[in-house]
Amino acid sequence: MRRGWKMALSGGLRCCRRVLSWVPVLVIVLVVLWSYYAYVFELCLVTVLSPAEKVIYLILYHAIFVFFAWTYWKSIFTLPQQPNQKFHLSYTDKERYENEERPEVQKQMLVDMAKKLPVYTRTGSGAVRFCDRCHLIKPDRCHHCSVCAMCVLKMDHHCPWVNNCIGFSNYKFFLQFLAYSVLYCLYIATTVFSYFIKYWRGELPSVRSKFHVLFLLFVACMFFVSLVILFGYHCWLVSRNKTTLEAFCTPVFTSGPEKNGFNLGFIKNIQQVFGDNKKFWLIPIGSSPGDGHSFPMRSINESQNPLLANEEPWEDNEDDSRDYPEGSSSSLAVETET
């Protein structure tokens, strides 16, 4: 009876957590819906008097709005990709691993299993990266998200504003969402500014639209500052072919820690996220190369181009097997990884 009560309570808490996790998304959706109303109706249809100006404003606004909403939708509802079955321990291997009491034997068992897999990164102590929750050997750049309760391929961070884990399957969409969000805020701020000045100087009558126009400029500028910082940071990460987690904790390879281990050069780094076909770079359609389980490495390219070996490795490193607490890398993103 007591056990059943505890299970019911635990299930109820999980349900509440799932519901509450949608609150940040709901806040963003409500702000966007209000901004749509304020811009389209209160500014364009009520405040703007010139018919030509109304048409131009509305056409450009809706073109940006469509891509903004499309990329936000894709960022939210594109599920994180998990490692395939060959990285999971078989039932026999799992039993052997769990029944073995000697840590050094367990470590050697993982080394033997990893030899059959395309795995080249290690923990800070040099051990094979193993997830004891999902019971799998982690592919390179894969991490366990404590919020999603799963291992995510090329995990970047868990973002509460999309209520999703950002990784291999949706990192391109997340970057596009940031880009179109910045453009959306910038467009609203630049087109609203002249009418803000007119209201400020009293050149327009003080009607209901005045509040919406003034507040629209304030909200657009506030979000623009936050988003442009976050977008700039992720542009830097893409240019270096790093994830947020790799920027904070240097990846360790079989040869040792190397902060530029996946850096292939500026153009190739961009292609690792957006693909080779440039016509898909601005459209939220999956075009990232590979399957997310293995990635080109700098060490392989150094043999073809010795100039890539000029940079010195970063010596700071932490053990990859530690649990990462839920925290914020910026005002709009949270890194939650174990």
Side-chain angles (χ1 to χ4, degrees), residues 1-15 17-18 21 79-158 164-169 243 245-246 248-257 261 291-295 297 317-327 334-338:
M1 182 72 179
R2 188 175 179 182
R3 184 179 179 183
W5 180 82
K6 287 184 176 180
M7 290 179 65
L9 179 61
S10 177
L13 290 174
R14 285 196 301 269
C15 183
R17 182 178 178 180
R18 284 196 297 268
S21 66
L79 296 177
Q81 191 170 337
Q82 302 179 62
N84 61 32
Q85 197 60 38
K86 72 177 182 179
F87 288 87
H88 289 74
L89 298 189
S90 65
Y91 179 78
T92 304
D93 290 335
K94 181 181 174 183
E95 268 198 337
R96 286 176 50 220
Y97 182 82
E98 291 178 345
N99 293 333
E100 180 57 60
E101 297 180 354
R102 293 167 295 178
E104 63 278 5
V105 177
Q106 286 184 322
K107 184 177 179 180
Q108 186 57 46
M109 289 171 61
L110 293 178
V111 170
D112 294 338
M113 296 175 196
K115 289 178 180 178
K116 307 172 186 177
L117 300 170
V119 175
Y120 303 99
T121 53
R122 297 290 185 263
T123 65
S125 61
V128 173
R129 300 171 63 244
F130 177 73
C131 180
D132 56 1
R133 301 182 186 184
C134 299
H135 303 289
L136 58 83
I137 294 175
K138 296 179 184 179
D140 294 343
R141 316 184 85 175
C142 173
H143 299 275
H144 185 91
C145 177
S146 60
V147 178
C148 298
M150 68 173 98
C151 283
V152 178
L153 294 179
K154 197 186 177 184
M155 178 179 172
D156 187 88
H157 69 283
H158 185 92
N164 202 0
C165 204
I166 306 301
F168 175 78
S169 62
T243 64
L245 292 173
E246 290 166 355
F248 282 94
C249 185
T250 306
V252 180
F253 296 84
T254 52
S255 57
D291 59 2
H293 291 84
S294 59
F295 301 90
M297 290 182 295
N317 181 69
E318 297 179 14
D319 194 332
D320 184 76
S321 63
R322 69 186 176 97
D323 284 351
Y324 288 79
E326 186 170 352
V334 174
E335 278 67 50
T336 309
E337 189 272 344
T338 59

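Just so you know, these numbers use all the heavy atoms, side chains as well, and skip hydrogens, waters and symmetry mates. The structure presented is a predicted model; accordingly, all values stated were derived computationally and were not measured.
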side-chain contact (heavy atoms from CB on, under 4.5 Å) assessment of His158 paired with Cys148: CA-CA 8 Å; His158 185 92; Cys148 298; 3.4 Å; yes
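- Annotation for Lys107 and Ala127: closest pair CE-CB, 3.9 Å, computed over non-hydrogen atoms.
- Separating the CG atom in Leu245 from the NE2 atom in His157 is a distance of 9.5 Å, to the nearest 0.5 Å.
- Under the 4.5 Å side-chain criterion, counting only non-hydrogen atoms from C-beta, Gln82 is not in contact with Cys151.
- You'll find the side chain of Val147 reaches within 4.5 Å of the side chain of Arg17, heavy atoms only.
- With His88 contributing its side chain and Asn84 its backbone, the two residues share a donor-acceptor pair below 3.5 Å.
- With values rounded to the nearest 0.5 angstrom, Met113 atom CE is found 10.5 Å from Gln108 atom CD.
- Classified by interplanar angle (parallel below 30°, tilted 30° to 60°, perpendicular above 60°), the ring pair His293/Phe87 is parallel.
- With rounding to the nearest 0.5 Å, the separation of CZ in Phe130 from CE in Met109 is 9.0 Å.
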Could you go through the side-chain contact (heavy atoms from CB on, under 4.5 Å) check for Thr243 and Lys154 one step at a time? CA-CA 8 Å; Thr243 64; Lys154 197 186 177 184; 4.0 Å; yes
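- In this structure, Thr121 and Val252 have side chains that are not in contact, with every pair of non-hydrogen atoms separated by 4.5 Å or more.
- With a 4.5 Å cut-off on side-chain heavy atoms, Pro139 and Leu153 count as touching.
- Under the 4.5 Å side-chain criterion, counting only non-hydrogen atoms from C-beta, Met297 is in contact with Tyr120.
- Inter-residue side-chain proximity for His144 and Arg133 is flagged as met; some heavy-atom pair is nearer than 4.5 Å.
- Taking 4.5 Å as the limit, every side-chain heavy atom of Arg129 sits out of range of all side-chain heavy atoms of Val119.
- Taking both residues in full, the closest heavy atoms of Leu79 and Ser169 are given as O-OG, 2.8 Å, listed atom of the first, atom of the second, then distance.
- A donor and an acceptor atom, one from each side chain of Thr92 and Ser90, are nowhere located under 3.5 Å apart.
- Distance check: Leu89 CG to Glu98 CD gives 8.5 Å after rounding to the nearest 0.5 Å.
- Taking CG of Asp140 as the reference point, atom CZ of Arg122 lies at 8.5 Å (rounded to 0.5 Å).
- Open room surrounds CD on Glu101; 12 or fewer heavy atoms of other groups in view lie less than 6.0 Å from it.
- Side-chain atoms of Arg102 and Gln106, non-hydrogen and from C-beta on, never get closer than 4.5 Å to each other.
- Here Lys115 contributes atom NZ and Ile137 contributes atom CD1; the two are 12.0 Å apart, rounded to the nearest 0.5 Å.
- Judged by a 6.0 Å distance limit and a 45° cone about the ring axis, Arg141 is not positioned over the six-membered ring of Phe168.
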